[in-house]
Amino acid sequence: EGIAKTCEFFDIPVVSGNVSLYNETVEGKQPRNIYPTPILVGVGVIEGNYVDHLVKDKSELLFLIGDLKGEPSVAGSEFLEVVHKQVAGKLKPVNLEKEKALCSLLIELIQKELVVSAHDISLGGLAIALVEKLMGTGLGAEISLYIDTRLDFFLFSEDPTRVIVSVSEDKAEAFKDTVENSGLDWLLLGNIKDDYSLIIRNYDEEVLNLDLKQVESVWRKALERALFYTH
């Protein structure tokens, strides 16, 4: 309500005003709590260049940028809940200085036209964000990793201060220099290809091969199945 009144005062449109700190629902005839969902709304004006989350061309390279040090964690992640049916773990603290540095870096990269697209990994982790960057484009990606930690943790961790960007190949060196000057890290993930699929390899061993046409079909029909599925 306070947000709505503030926005009304400044003549700002509000798409939602609900912040649910305590609610209940019924699941399988049993009442259960709904997780608290405080929401922060940010409204601003874009000046200059901007990018969306989708890749555009097969000449692009994919990079992960941000705070890439430390072991990945799946605490509190979609992966832990959906695959392992657990809501558990201690979340990593957010380093606000590095988060601010990443925001500033992204603005600089976009204004200098050094990135074509950008997408955080906050919902589902790296693997899901990669799919979302490709969905509907008809393009695919080949990802080559050299990860010695648990691969499922690396692919599905929702650790803060990490963003996937796509970069035109001819701007890759300027891009890397800019990231390094910011004090943050970059990791080359792979390249874009014409084939509408996502292939992930670790030390040249294929660990994932997704037909994105099939994945897109599942995604587009998900709400329909949820609403009309009967046992």
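Just so you know, these numbers come straight off a predicted model, no measurement behind them.
Of the possible donor and acceptor atoms, one in the side chain of Tyr196 sits under 3.5 Å from a partner among the backbone N and O of Gly136. Remark: side-chain polar atoms of Lys221 are not paired, donor with acceptor, to backbone N or O of Trp219 under 3.5 angstrom. Ser104 places no side-chain N or O within donor-acceptor distance of the main-chain N or O of Ala101, the cut-off being under 3.5 Å. Side-chain N or O atoms of Glu180 include none that pairs as donor or acceptor with a backbone N or O of Asp177 at under 3.5 Å. At distances below 3.5 Å, not a single donor-acceptor pair connects side-chain atoms of Ser168 with backbone N or O atoms of Lys171. At least one donor-acceptor pair closer than 3.5 Å links the side chain of Glu158 to the backbone N or O of Gly124. With hydrogens and angles ignored, the 3.5 Å screen pairs a side-chain donor or acceptor of Asn95 with a backbone N or O of Lys98. In this structure a side-chain-to-backbone donor-acceptor pair under 3.5 Å is missing from Ser157 to Phe154.
A continuous path of Ile, Leu, Val, Met, Phe, Trp and Tyr side chains, each step under 4.5 Å between heavy atoms, connects Ile147 with Leu189, placing both in one hydrophobic cluster. Hydrophobic cluster membership is shared by Leu61 and Val165, with clusters built from Ile, Leu, Val, Met, Phe, Trp and Tyr side chains linked at under 4.5 angstrom. Clustering ILVMFWY residues whenever any of their side-chain heavy atoms sit less than 4.5 angstrom apart, transitively, puts Val131 in a cluster other than the one holding Val163. Under a hydrophobic clustering in which Ile, Leu, Val, Met, Phe, Trp and Tyr are joined whenever their side-chain heavy atoms come within less than 4.5 Å, directly or via other members, Phe153 and Leu145 fall into the same cluster. Taking hydrophobic clusters as Ile, Leu, Val, Met, Phe, Trp and Tyr residues chained together by side-chain heavy-atom distances below 4.5 Å, Leu187 does not share a cluster with Leu114.
With respect to the salt-bridge test (charged N to carboxylate O, under 4.0 angstrom), the residues Asp211 and Lys213 do not qualify. Between Arg162 and Asp120 there is no salt bridge, since no side-chain nitrogen of the basic residue lies less than 4.0 Å from a carboxylate oxygen of the acidic one. Electrostatic pairing of Arg220 and Glu216 counts as a salt bridge here, judged by a charged N lying under 4.0 Å from a carboxylate O. Classification of Arg201 and Glu205 as a salt-bridged pair fails, no side-chain N sitting under 4.0 Å from a carboxylate O.
For Lys100, the NZ atom sits in a loose shell: 12 or fewer heavy atoms of surrounding residues, nucleotides or ligands are nearer than 6.0 Å. By the neighbour-count criterion of 12 heavy atoms within 6.0 Å, atom OH of Tyr203 is densely surrounded, having more than that number from other residues, nucleotides or ligands. Within a 6.0 Å sphere centred on CD of Gln214, heavy atoms belonging to other residues, nucleotides or ligands number 12 at most. Summarising the local packing, CD of Gln111 is surrounded by more than 12 heavy atoms from other residues, nucleotides or ligands at distances under 6.0 Å. Glu97 CD: 12 or fewer foreign heavy atoms inside a 6.0 Å radius.
Taking each heavy atom of Leu106 and Ala118 in turn, the nearest pair found is CD2-CB, 4.4 Å. Counting all heavy atoms, side chain and backbone alike, Ala75 lies closest to Ser73 at N-OG, 3.1 Å. Looking at every heavy atom in both residues, Trp186 comes nearest to Leu188 through CE3-N, 3.8 Å.
Counting heavy atoms from C-beta on, the side chains of Leu126 and Phe156 never come closer than 4.5 Å. Residues Leu102 and Asp67 are not in side-chain contact: their nearest non-hydrogen atoms beyond the backbone lie 4.5 Å or more apart. The shortest side-chain heavy-atom distance between Ile143 and Leu208 does not fall under the 4.5 Å cut-off. When side chains are defined from C-beta on, Asp159 counts as touching Pro72, because their heavy atoms get closer than 4.5 Å. Using a 4.5 Å heavy-atom cutoff, the side chains of Leu91 and Pro93 are not in contact. Two residues are said to be in side-chain contact when any heavy atoms from C-beta on lie closer than 4.5 Å; Val215 and Met135 meet this criterion. Counting heavy atoms from C-beta outward, Glu108 and Thr178 have side chains that approach closer than 4.5 Å.
How far CZ of Phe175 is from CD1 of Ile65: 5.0 Å, rounded to the nearest 0.5 Å. Here the CZ-CG distance, from Phe63 to Asp185, works out to 13.5 Å after rounding to the nearest 0.5 Å. The CD1 atom of Ile164 lies 10.5 Å from the CD1 atom of Ile128; values are rounded to the nearest 0.5 Å. Note: Leu210 CG to Leu212 CG = 6.0 Å, rounded to the nearest 0.5 Å. Distance CG/Leu139 to CG/Asp57: 7.0 Å, rounded to 0.5 Å. Between the NZ atom in Lys69 and the CG atom in Leu184 there is a gap of 8.5 Å [rounded to 0.5 Å].
Checked by atom type, the side-chain pair Lys133/Ser166 shows no donor-acceptor distance below 3.5 Å. Between the side chains of Glu132 and His53, not a single donor N or O lies within less than 3.5 Å of an accepting N or O.
Of the candidates Val115, Val51, Val167, Val115 is the only one forming a side chain to side chain contact (heavy atoms under 4.5 Å, CB included) with Leu109.
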